[in-house]
Structure formats: structure tokens, C-alpha cells
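Counting convention: from 1, in listed order, for ligands and their atoms alike. Side chains included, hydrogens not; waters and symmetry mates left out as well; all remaining heavy atoms used.
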Amino acid sequence: MPKRYLPNIRDQYEAYPFPKRDPEQERSRVIASELEMLGKINHFGFAGRQSFGPGFRALVAGGGTGDSAIFLAEQLRKRGGRVTYLDLSRTSMETAQARAAVRNLANIEWVHGSILDLPEMGLAPFDYINCAGVLHHLADPDEGLRCLAAVVKEDGCLGLMVYGRLGRIDIYATQELMRHLTAGEPSLAERVALAKEVLTRLPPNNILMRGRDRKATLDLLLDDEPNLVDALLHEQDRAYNVAEIYTWLDQAGLKLVEFSTYQGLGGVCRLEYDPALYLEGLPVLERVRKLPLPIQQTIAESINGSMGLHGFYAAKRAATIARLDDPAMVPNFLTTHAIEVCRKLAAAGPEGIAVTLRFEVKYTFRPHPATQAFLTLIDGQSDMAAILSRLAAMPAVAAQGLDRAALMAKLVKDFDILAALQLVVLRHRDAPPIGTIVKSYA
Ligand SMILES: C[S@@+](CC[C@H](N)C(=O)[O-])C[C@H]1O[C@@H](n2cnc3c(N)ncnc32)[C@H](O)[C@@H]1O
């Protein structure tokens, strides 16, 4: 039983488990939660060396209705790793359990409890902790993060998501409005009913409606009460900008490994954290490039203006990302969608390929000819030692006249973009293959 928690927050998620999920849908699809793709966790958090075997333990803290726990357990079931699900809301846990039952998943341990009690619960230590959309709902998110840091292994990794302040200005304006209007309502259900009435009256120039498809916006809120409550009626909700995330991690003894592409509701692509996406070709970019990385990323966030959430990996130690210049690394396509995109990238002319990010922002990726040849050699089995030998002998690469170091520099530069776009990740040749996730993005 949870001991330390906010009773109003528990009541909210007991009455409105989030996100809304129907266990029957487990028969037809799996939700691939972005941070939990094992190929990504391995690449970013374990330098490609994790086997996810019988000793591997993952914690999903604030697991809600189960997306991350189910997806992790599904991927781990044949490898032997286990998942611990923890949440304050018993009704949320029941939905997650019903989903696991439909899937016959037996590798999840279910704990009704609070993150703040974790250090005393005797469940630790964990290799990987997911905590997405939870810590910003604690009275003291600093303490919440320290509790997670206390139960992750020294060589473990965390996948976290917190709200982005700038990208949620419209949400906070609407929360304030709803606080005024629903102040006298005795129950959350009555506040929900009133909020629905008000939402349908919001004019097109209202901050929540501006620039959005009105019908789609209203549908997401009116037809999905847990979403409406979570977004607009929350009583405990804060957000972070990039610089604050670095400070927050630091106070818990953690380091930011890398921001992650996070394509869920309001998702963000990692490329959006790079000021070059907006300032390429301007002399000011040279000056920005000399600033510390967190400041560069904060500038990118400010220019972007719409990052409503930040998904990222964190760890206690540095250098957890797999490196392409390690000859023992085996490149893998992360998803079936990635295979398609890489096929097009490999065949692209000098104009490259335009990738569409949120709000129809176009990013043009012009891979170097050596990268294009590299993409054709990825088979999920060959390591970089083998791939480099074959690459050097390919006419398109030989024509570039690059020595080994120059060739690797070109590949490394492009590989960072391939990883940011969730196309290719690395595993060490001694770690078992992970396979390609069947996933397509519209
Ligand atoms: C917005 S939901 C996110 C659910 C899930 N992580 C996801 O991404 O789908 C927040 C969840 O955190 C849980 N929660 C809030 N405070 C908590 C605490 N102190 N300990 C454990 N769970 C908590 C809530 O019950 C709720 O299920």
C-alpha cells in the first residue's frame, strides 16, 4: 500500500485512469512506447551491451494503464528479463493487469505503491526505469527523481518524460481558466461536465484552438475524459525547460544521456533540440555552437516554441551511448518503417530526402555517399569491422578518396541523424540480436 503520496492525485487517477485503454484491443495491436524499444534502450543506455536476459529487471514507475509495462514485458518475454509495475492508482493497475492477461504475460510483478516509498520497499535494484508523465505531478519532483535514482543500478539507465513549459502555455492558460470556472463544483465529475460545456464555447481565437483543427482538438478532450482531466483539470502539474532538466537531473546525481524522439501525443523529434535546424547558414549559429550544450538546446527549444514534452534517457555514469567507431558494433534497423526510409535514403540523389517533422516543418537529410552505401550493408548481423572493409571496396565510396578516419567521420556525423530519426541503432556483437519492431508512422 502506498504511504507517501498526494491523496487528490490518487483520487484523480482512481476515477480517471490514464491513458484510456481497452484491454480487448490487445488482441489486435501492441502500443510501441517510444522510450521502451529495447534497441533504443540498449543503444543509448547500455552502449549496445545489454542482453535483457533473465537477470534484467525493469521498473515502470507510475505505470498508469500499462503502455510501457506491457510493451517492455512483451519484448522481454522470450529473453527472460522481468518488469515491475508500480502505481498509486489501483484502477489504473487493474486495467494494466487486464491488458497483460489478454496477452498472457507472466513476467510482470504488480505493485500498488508510491514512487516516494521506493527506497524502503526492498524492490531494488533495477537495470532500467521508465517514468513517463509522472514526476511533474508530484509535490516535490526533485525528491521523486532522487527516489528513482536510489533504486537504479550504478550501470543502469532511466527513460523519463516530463512536460515542456513553453509548449504547454496554451494548456496552462486553459487550466487557469478552468480553475476559475469550476471553483465551486463539489466533485471532479461535475468539474468535468462543466469543462466540457465551456470547451465547446471556446472561440477560434482562444489560445487552445488557435492554429489547431477545432474538431480534432475537441474530440480528443470531449470523447476522452481521462485526457481532459489530465490536461486541463490537473491540480498538481508543472513543466520544465531544457536547462531546468539538466539542473533537475544533477540534483539527483544523474546525467542526461540524450533527448529522445517521442512521437506520442504532442511528440518531439530529437532533431528539434539542435539549433542548426533553425539557424543553418546564419553567422549567429557559429556563436551559438560555442555555448554549452544545455544552452544551445534551450535556444533551440525557445526558437521552436512548441515542445510540450521532453523525453530523454538519463544515467548515473557518462558514455552510455553505443559508438559507431567501435568495430564490434552491429547496426540494426529499429523498425520496419526505418527499413523503408533507409532504402529511400540510400537511393536518394544529391537533393536528399525531406523528412516532415511536427507542424509540417521539413528537415532535408542529405546523407554522404558513404552513408548511403553503409545503409545498403546493414543486415543486423555484420559488425562495423566487416561493414567498413566492404564499404572501402565499394566504387561509390572509393571514388570519394577518403582515408579510414575521414570515412568514419562522415559516417559518424550522419549516424547521429539516423539515430535521432529512430532509424538505426547499434548493439555489441556479443549481445543477442533484438529484431526489428513492426511500426509505421502515418
Ligand atoms: C499521466 S499518468 C502516466 C501513466 C503512464 N506513465 C503513461 O505514460 O502512460 C500518471 C500516473 O502516475 C501515477 N502516480 C502519480 N503519483 C504517483 C506516485 N507518487 N507514485 C506512483 N504513481 C504515481 C498516477 O496514478 C498515474 O497513473
Side-chain angles (χ1 to χ4, degrees), residues 1-23 25 30-36 58-73 83-97 99-100 108 110-121 123 126 128-148 150-151 158-163 168 171 175 188 224-239 260 262-267 308-312:
M1 287 297 286
K3 290 195 205 95
R4 299 179 55 221
Y5 61 91
L6 294 170
N8 58 333
I9 298 308
R10 187 195 58 179
D11 293 351
Q12 174 194 318
Y13 287 110
E14 289 286 5
Y16 296 93
F18 182 92
K20 188 162 105 175
R21 293 287 180 248
D22 174 3
Q25 288 195 318
V30 65
I31 294 176
S33 63
E34 227 88 21
L35 290 169
E36 277 57 62
L59 169 70
V60 180
T65 46
D67 286 2
S68 298
I70 298 285
F71 185 48
L72 271 174
V83 177
T84 299
Y85 165 105
L86 172 98
D87 203 286
L88 205 52
S89 156
R90 192 175 276 287
T91 51
S92 299
M93 185 163 91
E94 284 165 2
T95 300
Q97 285 172 316
R99 294 173 71 185
I108 308 179
W110 302 96
V111 182
H112 180 219
S114 171
I115 287 168
L116 298 175
D117 299 329
L118 268 170
E120 290 84 48
M121 289 171 81
L123 300 169
F126 294 99
Y128 176 72
I129 298 181
N130 156 279
C131 191
V134 181
L135 293 170
H136 47 226
H137 295 314
L138 268 53
D140 185 352
D142 289 9
E143 186 191 3
L145 187 61
R146 289 197 299 272
C147 289
L148 296 185
V151 296
L158 298 97
L160 304 170
M161 186 277 275
V162 290
Y163 291 146
R168 276 174 66 88
I171 296 289
Q175 281 188 5
L188 187 50
D224 185 345
E225 289 186 351
N227 190 39
L228 187 158
V229 172
D230 202 69
L232 303 181
L233 299 175
H234 219 292
E235 292 180 5
Q236 190 70 43
D237 177 337
R238 66 149 295 175
S260 163
Y262 201 100
Q263 309 215 357
L265 209 61
L309 53 81
H310 298 295
F312 49 96

List ligand 1 atoms under 4.0 Å from [X], heavy atoms only on the residue side.
X	value
Ala132	3 (C), 5 (C), 6 (N), 7 (C), 8 (O)
Leu138	16 (N), 19 (N)
Ser89	25 (O)

Side-chain donor-acceptor pair present, Glu36, Tyr128, cut-off under 3.5 Å: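 There is such a pair (donor and acceptor under 3.5 Å, judged by atom type) between the side chains of Glu36 and Tyr128.
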Do the two ring centres, one from His137 and one from Tyr5, sit under 6.0 Å apart? no
Report the part of [X] (side chain from C-beta onward, or backbone N, CA, C, O) that has a heavy atom under 4.0 Å from ligand 1; answer both or neither where that applies.
X	value
Tyr5	neither
Thr65	neither
Asp230	side chain
Asp67	neither

Nearest-0.5 Å distance, [atom1] of residue [X] to [atom2] of residue [Y]:
X	Y	atom1	atom2	result
Leu86	Leu148	CG	CG	9.0 Å
Leu135	Asp140	CG	CG	10.5 Å
Arg90	Arg10	CZ	CZ	10.0 Å

Between Glu235 and Asp11, is there a side-chain heavy-atom distance shorter than 4.5 Å? no
If we only count heavy atoms from C-beta on, is the Arg99 to Asp67 side-chain gap below 4.5 Å?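 Of all side-chain heavy-atom pairs linking Asp67 with Arg99, at least one is under 4.5 Å.
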Pair Leu6-Leu88, side-chain contact (heavy atoms from CB on, under 4.5 Å): steps then yes or no: CA-CA 9 Å; Leu6 294 170; Leu88 205 52; over 6 Å; no
Do any nitrogen or oxygen atoms of [X] come within less than 3.5 Å of a nitrogen or oxygen of ligand 1?
X	result
Arg4	no
Ser114	yes
Leu86	no
Phe18	no
Gly133	no

Would you mind finding which of Gly64, Gly66, Gly113 brings a heavy atom closest to atom 21 (C) of ligand 1?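 The nearest heavy atom belongs to Gly113.
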Within 45° of the six-membered ring axis of Tyr163 and under 6.0 Å from that ring's centre, is NZ or CZ of Arg168 located there?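 So Arg168 does make the cation-pi contact.
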For [atom], closest protein heavy-atom neighbour:
atom	answer
atom 20 (N) of ligand 1	Ile115 N, 2.9 Å
atom 14 (N) of ligand 1	Val134 CG1, 3.9 Å
atom 23 (C) of ligand 1	Leu88 CB, 3.8 Å
atom 5 (C) of ligand 1	Gly62 O, 3.4 Å
atom 9 (O) of ligand 1	Pro19 CD, 3.3 Å
atom 25 (O) of ligand 1	Asp87 OD1, 2.6 Å

For Ile31 and Phe71: C-alpha separation, side-chain torsions, deciding distance, then whether side-chain contact (heavy atoms from CB on, under 4.5 Å) applies. CA-CA 7 Å; Ile31 294 176; Phe71 185 48; over 6 Å; no
So, the side chain of Asp87 versus the backbone of Gly63: is there a donor-acceptor pair under 3.5 Å, distance only?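 Checking the backbone N and O of Gly63 against the side chain of Asp87, a donor-acceptor pair under 3.5 Å is found.
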Answer yes when Arg4 and Glu143 have at least one side-chain N-carboxylate O distance shorter than 4.0 Å, and no when they do not. yes
